[in-house]
S.K.: 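Sharing a structure, written as structure tokens. Questions coming.
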Number of protein chains: 2
Amino acid sequence: MQAENNKIGYYLERTTRLVKLNFHQAFKNAGFNITPEQWVILDILNSQNGLSQSDLAEQSFKDAPSISRIIDTLARKSFVERKPVKNDRRKFEIFLTEDGIKTVKALTPLVNKLRNQSWQGLSKEDYTKFLKIINKIFDNMSKE
Amino acid sequence: MQAENNKIGYYLERTTRLVKLNFHQAFKNAGFNITPEQWVILDILNSQNGLSQSDLAEQSFKDAPSISRIIDTLARKSFVERKPVKNDRRKFEIFLTEDGIKTVKALTPLVNKLRNQSWQGLSKEDYTKFLKIINKIFDNMSKE
DNA sequence: TAACAATAGTTGCATATGCAAATATACACT
DNA sequence: AGTGTATATTTGCATATGCAACTATTGTTA
């Protein structure tokens with residue numbers, strides 16, 4: 001396809017930004033000082049506690065420095081803690097703290113509500129189609 | 001729709017990030033020190049030279065501080081210049097410089113190539129559908 | 001006209017990202 | 001064992017964004 005796919009980047013970018021903004025503000029309104037990026041990490045750890053930073057990097061599709069600094073912030077806020085790994089002293093395993101677990105529990109309904117809101121008026125078919133297309137774009141941009 | 005729309009935010013975010021990365025690297029490989037965000041502004045100015053910063057903010061869906069700083073960078077690199085407005089001394093009109101114009105001309109084919117690449121294997125119908133859905137998400141997140 | 005509100009832009013602070021370079025540790029191979 | 005390579009994480013630098021606060025100027029209106 002040519003010439004028609006004019007402003008995909010623009011629509012992608014502004015929508016992503018707005019979605020993140022909504023999540024961030026909802027967290028803030030609920031009394032939680034957490035960014036969407038931090039939420040993603042907490043959410044992953046909630047289903048797989050004790051991942052290493054490089055595991056987290058892979059699962060969140062971020063690079064090592066980004067994860068390193070997000071973990072810094074989450075640790076500073078006492079949502080997670082780094083535990084050294086016995087067999088490999090280069091690594092840390094990252095665990096949710098009590099407070100981290102509570103926070104994920106508290107925010108999960110809010111996140112579901114926002115997800116539903118973002119998808120209002122759209123169908124299951126739309127979802128399938130959208131995922132197919134966006135992941136095709138992702139693949140198209142992944143090759144050299 | 002419920003419960004199914006699980007990871008839209010994640011797919012949006014990682015795809016947007018990858019698209020921007022591809023554009024940035026392509027610019028760099030072509031010898032241009034320009035970010036995708038800076039490109040968007042140059043591209044808008046190329047079709048409407050002399051917009052004010054608040055016009056640019058509106059058209060690019062960014063806030064005033066973001067535009068202010070992007071213009072700072074573009075001006076420092078001599079791609080644009082701020083011209084004071086006679087009737088309203090609060091305002092600047094932003095103009096592409098010679099170099100800015102040359103740069104847009106040089107990068108346009110590259111941008112088109114990348115747009116085509118991102119849309120490879122997808123149809124005009126996919127495009128319509130995708131735009132409908134992503135803009136619906138945008139609207140859903142725009143209301144209070 | 002004086003006071004107040006609105007508009008245009010800038011600046012400071014916190015966060016996130018990409019990249020390159022650095023450190024520390026583990027692994028592999030001769 | 002010793003050298004070189006790979007892996008895990010951190011740090012520095014540049015850029016972008018959201019938000020709040022600030023300055024300067026313009027508009028409104030009592």
Side-chain angles (χ1 to χ4, degrees), chain A residues 9 13-29 32-41 51-58 60-77 79-80 82-94 141, chain B residues 9 13-29 32-41 51-58 60-77 79-80 82-94 141:
Chain A
E13 206 271 335
R14 73 171 199 170
T15 304
T16 301
R17 196 143 41 80
L18 183 61
V19 169
K20 288 205 278 190
L21 187 58
N22 269 263
F23 275 73
H24 198 170
Q25 286 177 344
F27 293 164
K28 191 186 290 179
N29 292 342
F32 292 88
N33 176 20
I34 288 185
T35 66
E37 291 82 2
Q38 290 162 22
W39 165 258
V40 168
I41 301 303
L51 291 181
S52 71
Q53 296 190 186
S54 50
D55 292 336
L56 284 169
E58 194 182 350
S60 62
F61 196 69
K62 295 181 190 297
D63 68 356
S66 291
I67 292 297
S68 178
R69 280 181 264 235
I70 290 176
I71 297 297
D72 282 351
T73 307
L74 287 172
R76 179 160 40 76
K77 296 179 182 168
F79 291 128
V80 304
R82 290 180 164 99
K83 289 191 184 161
V85 174
K86 285 272 162 54
N87 324 343
D88 190 340
R89 293 195 315 188
R90 294 169 303 180
K91 277 191 180 178
F92 297 104
E93 286 172 349
I94 315 296
M141 294 312 248
Chain B
E13 206 271 335
R14 72 170 200 171
T15 303
T16 302
R17 194 144 41 82
L18 184 61
V19 168
K20 289 206 279 189
L21 187 58
N22 269 263
F23 275 74
H24 198 170
Q25 286 177 344
F27 293 163
K28 191 186 288 178
N29 292 342
F32 292 87
N33 177 22
I34 288 185
T35 66
E37 290 83 2
Q38 290 162 23
W39 165 258
V40 168
I41 301 303
L51 290 181
S52 71
Q53 295 190 191
S54 49
D55 292 337
L56 284 169
E58 194 182 349
S60 62
F61 195 68
K62 294 182 191 297
D63 68 357
S66 292
I67 292 298
S68 179
R69 281 182 263 236
I70 291 176
I71 298 298
D72 282 350
T73 307
L74 287 172
R76 179 160 40 74
K77 295 179 182 170
F79 291 130
V80 304
R82 291 181 166 97
K83 290 190 185 163
V85 174
K86 285 270 162 56
N87 323 345
D88 190 339
R89 292 193 317 187
R90 293 169 302 181
K91 276 192 182 179
F92 297 105
E93 286 172 349
I94 315 296
M141 294 312 247

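Sequence lines set the chain letters: A, B, ... in the order given, protein chains first and strands last, and positions in each chain run from 1.
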S.K.: Whether the side chain of Arg69(B) and the base of dG12(C) hold a donor-acceptor pair under 3.5 Å is what I'd like checked.
M.R.: yes
S.K.: Identify, between Pro65(A) and Asp88(A), the residue whose nearest nucleotide on DNA chain D lies closer to the 5' end.
M.R.: Asp88(A)
S.K.: 5'-most contact on DNA chain C: Ile70(A) or Phe92(B), nearest heavy atom basis?
M.R.: Phe92(B)
S.K.: Can you tell whether the side chains of Asp72(B) and Arg82(B) come within less than 4.0 Å, N to carboxylate O?
M.R.: yes
S.K.: Is the shortest side-chain heavy-atom distance between Phe23(B) and Met141(A) below 4.5 Å?
M.R.: yes
S.K.: How many Å lie between CD on Glu13(A) and P on dA16(C), as a whole number?
M.R.: 17 Å
S.K.: Between Ser54(A) and dT9(D), does any side-chain N or O lie under 4.0 Å from OP1 or OP2?
M.R.: yes
S.K.: So, OP1 or OP2 of dT17(C): does either fall under 4.0 Å of a side-chain N or O from Lys62(A)?
M.R.: yes
S.K.: Is any side-chain N or O of Arg17(B) closer than 4.0 Å to OP1 or OP2 of dG18(C)?
M.R.: yes
S.K.: Indicate whether OP1 or OP2 belonging to dT10(D) is found under 4.0 Å from a side-chain N or O atom of Arg82(A).
M.R.: yes
S.K.: Can you find a pair of side-chain heavy atoms, one from Thr16(A) and one from Thr15(B), that are under 4.5 Å apart?
M.R.: no
S.K.: Quick one: is dA16(C) close enough that its OP1 or OP2 comes under 4.0 Å of any side-chain N or O from Ser66(A)?
M.R.: no
S.K.: When you measure from the side-chain N and O atoms of Arg76(A) to the phosphate of dT15(C), is any distance below 4.0 Å, counting only OP1 and OP2?
M.R.: yes
S.K.: Nearest-Å distance, CD1 (Ile34(B)) to P (dA16(D))?
M.R.: 11 Å
S.K.: Rounded to whole Å, please give me the gap between NZ in Lys91(B) and P in dT26(D).
M.R.: 11 Å
S.K.: Can a side chain N or O of Thr73(A) be found less than 4.0 Å away from OP1 or OP2 on dT15(C)?
M.R.: no
S.K.: Contact between Ile70(A) and Lys62(A) at the side-chain level, heavy atoms closer than 4.5 Å - yes or no?
M.R.: yes
S.K.: Grab the CD1-P distance between Ile67(B) and dT7(C) for me, whole Å please.
M.R.: 18 Å
S.K.: In whole angstroms, how far is the C1' atom of dT15(D) from the CZ atom of Phe32(B)?
M.R.: 19 Å
S.K.: Find the distance Ile71(B):CD1 to dT15(D):P and express it as a whole number of Å.
M.R.: 14 Å
S.K.: Provide, to the nearest angstrom, the distance between the CD atom belonging to Glu37(B) and the C1' atom belonging to dA14(D).
M.R.: 12 Å
S.K.: With nearest nucleotide decided by heavy atoms, which residue, Asp72(A) or Lys28(A), maps closer to the 5′ end of DNA chain D?
M.R.: Asp72(A)
S.K.: Which part of the nucleic acid, if any, lies within contact of Asn87(A), taking any heavy atom under 4.0 Å across all strands shown: a base, the sugar-phosphate backbone alone, or nothing?
M.R.: sugar-phosphate
S.K.: Output the residues of residues 18-26 of chain A in contact with DNA chain D, where contact means a heavy atom of the residue under 4.0 Å from an atom of the strand; sort by number or write none.
M.R.: Leu21(A), Gln25(A)
S.K.: Less than 4.5 Å apart, side chain to side chain, heavy atoms only: is that true for Pro84(A) and Arg89(A)?
M.R.: no
S.K.: Kindly say if Gln53(A) contacts the phosphate of dT10(D), meaning a side-chain N or O under 4.0 Å from OP1 or OP2.
M.R.: yes
S.K.: So do Phe79(A) and Ile34(A) actually touch side chain to side chain, heavy atoms under 4.5 Å?
M.R.: yes
S.K.: Kindly indicate whether the side chain of Ile67(A), heavy atoms from C-beta on, has any atom under 4.5 Å from the side chain of Ser60(A).
M.R.: yes
S.K.: Taking only the side-chain nitrogens and oxygens of Arg89(B), find out if one of them lies under 4.0 Å from OP1 or OP2 of dT25(D).
M.R.: yes
S.K.: Does any N or O donor sit under 3.5 Å from an N or O acceptor when you compare the side chain of Arg90(A) with the base of dT9(D)?
M.R.: no
S.K.: Compare all side-chain heavy atoms of Leu74(B) with those of Ile94(B) and state whether any distance is below 4.5 angstrom.
M.R.: no
S.K.: Below 4.5 Å, heavy atoms only, C-beta onward: do Phe27(B) and Gln38(B) meet side chain to side chain?
M.R.: no
S.K.: Return the value, rounded to whole Å, for the distance between atom CD1 of Ile41(A) and atom P of dT15(C).
M.R.: 15 Å
S.K.: At under 4.0 Å, does any side-chain N or O of Ser68(A) touch on OP1 or OP2 of dA8(D)?
M.R.: no
